[in-house]
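The structure appears right after this line, and notes come after that.
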Amino acid sequence: MFGPKVGERVIVEVLPSGESYPGEVVFLDHTGVGIAPAMRWVVPPELGTAIRITFVRKDGLYEGHGAVAATLREPEVLVTVQLDGDVSRTQRRDFMRRDASLNADLMVQGHAHHCVTKDVSGGGVSVLFGEIPSLVEGESFEVVLNVPDGREPIRAQCQVKYIREVLRGSRWLVGGQFSTIAEEDRQRLVRFVFRLELAQKRPAGKK
């Protein structure tokens, strides 16, 4: 029911090292799930290597475990993973929030502000101001986020949910919930947050 679909983008994680690579499901058959990831291995993973695949859908984060059943290096690395049992939803997307410092440009009442995010999620962002923000709860503002994925910045409309003074007289935090955002851009943010989560799970010394 929750298994990956052909064309779906996934993250392939090699266990127990924690190395992870983006990929795309290219086939599903009796041999397993065929994934063509952007891997940098000189030698593909050995047969039987434990693998975790994770992917994001509108309602949350899904995860499945298995092992390498076959590999192919030409013309690109193709890994076939035989899953052990069902894929399960591990958490709802709305709860996936991680600290992340992204450059953000806000347009508030016709005035531009260059800020930095404190955290991001698929549902919104919180942004740090170095001066008292000219915003009130419930007000709308436009935000442009520079996500480090090599693509154009994300543009969205937000609604202020809270304003907090976090460093007396010099730093304020504005929490915003997306009111208008392209679904593709929302998924980009969710995947970015997921990559941060993967990085935090990796053993010390792994990159």
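Just so we're clear, the structure is a prediction, and the values are computed from it rather than from any experiment.
A donor-acceptor contact shorter than 3.5 Å links the side chain of Thr117 to the backbone of Ala100. With hydrogens and angles ignored, the 3.5 Å screen pairs a side-chain donor or acceptor of Ser179 with a backbone N or O of Gln157.
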After noting the C-alpha distance and the side-chain angles of Phe129 and Val174, does the key distance pass the side-chain contact (heavy atoms from CB on, under 4.5 Å) rule?
CA-CA 8 Å; Phe129 279 76; Val174 174; 3.7 Å; yes
Show your working on salt bridge (charged side-chain N to carboxylate O under 4.0 Å, His left out) between Asp119 and Arg98 and close with a plain yes or no.
CA-CA 5 Å; Asp119 58 52; Arg98 289 290 179 272; over 6 Å; no
Start with the C-alpha gap between Glu24 and Ile35, add the side-chain angles, then the distance that decides, and say whether side-chain contact (heavy atoms from CB on, under 4.5 Å) holds.
CA-CA 5 Å; Glu24 181 176 322; Ile35 304 170; 6.0 Å; no
Test side-chain contact (heavy atoms from CB on, under 4.5 Å) on Leu189 and Leu145; report intermediate values, then the result.
CA-CA 10 Å; Leu189 281 177; Leu145 297 171; 4.2 Å; yes
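Between Tyr62 and Val10 the shortest side-chain heavy-atom distance does not fall below 4.5 Å.
For Val26 against Ala36, the heavy-atom pair with the smallest separation is CG1-CB, 3.9 Å. Closest approach of Phe178 to Gly122, counting heavy atoms only: CD1-O, 3.6 Å. Heavy-atom minimum distance, Phe55 versus Pro4: CZ-N, 3.8 Å. Here the shortest heavy-atom pairing between Val87 and Glu63 reads CG1-O, 3.4 Å. The shortest non-hydrogen separation linking Thr71 to Pro45 is CG2-O, 3.4 Å. Summarising the geometry of Ala67 relative to Gly48, their closest heavy-atom pair is CB-O, 3.8 Å, with the distance given to 0.1 Å.
Rounding to the nearest 0.5 Å places OG of Ser134 at 7.0 Å from NE2 of His111. If you take CZ on Arg171 and CG on Leu128, they are separated by 5.5 Å, rounding to the nearest 0.5 Å. In this structure, Cys115 SG and Asn103 CG are separated by 10.0 Å, a value rounded to the nearest 0.5 Å. The line from CH2 of Trp172 to CD of Glu131 is 8.0 Å long, rounded to the nearest 0.5 Å. The CD1 atom of Ile163 sits 8.0 Å away from the CD atom of Glu139 when rounded to the nearest 0.5 Å. Annotation: the span from Glu13 atom CD to Arg52 atom CZ amounts to 4.0 Å, rounded to 0.5 Å.
A single hydrophobic cluster is seen to contain both Leu106 and Ile132, as judged by linkage of ILVMFWY side chains at heavy-atom distances under 4.5 Å, directly or through other members. Residues Leu173 and Leu135 do not share a hydrophobic cluster, defined by chaining ILVMFWY side chains whose heavy atoms lie under 4.5 Å apart. Linking Ile, Leu, Val, Met, Phe, Trp and Tyr whenever their side-chain heavy atoms come within less than 4.5 Å leaves Val14 and Leu72 in two separate clusters. Note on Ile51 and Leu28: same hydrophobic cluster, where clusters join Ile, Leu, Val, Met, Phe, Trp and Tyr whose side-chain heavy atoms are under 4.5 Å apart, directly or indirectly. Hydrophobic clustering of Ile, Leu, Val, Met, Phe, Trp and Tyr side chains at less than 4.5 Å, counting indirect connections, unites Val6 with Val77.
At most 12 non-hydrogen atoms from other residues, nucleotides or ligands lie less than 6.0 angstrom from CZ of Arg9.
For the side-chain contact (heavy atoms from CB on, under 4.5 Å) test with Arg155, the passing option among Val144, Asp185, Thr180 is Val144; the others fail. A side-chain contact (heavy atoms from CB on, under 4.5 Å) with Leu102 is found for one member of Val125, Val127, Ile154, Val120 and no other, namely Val120.
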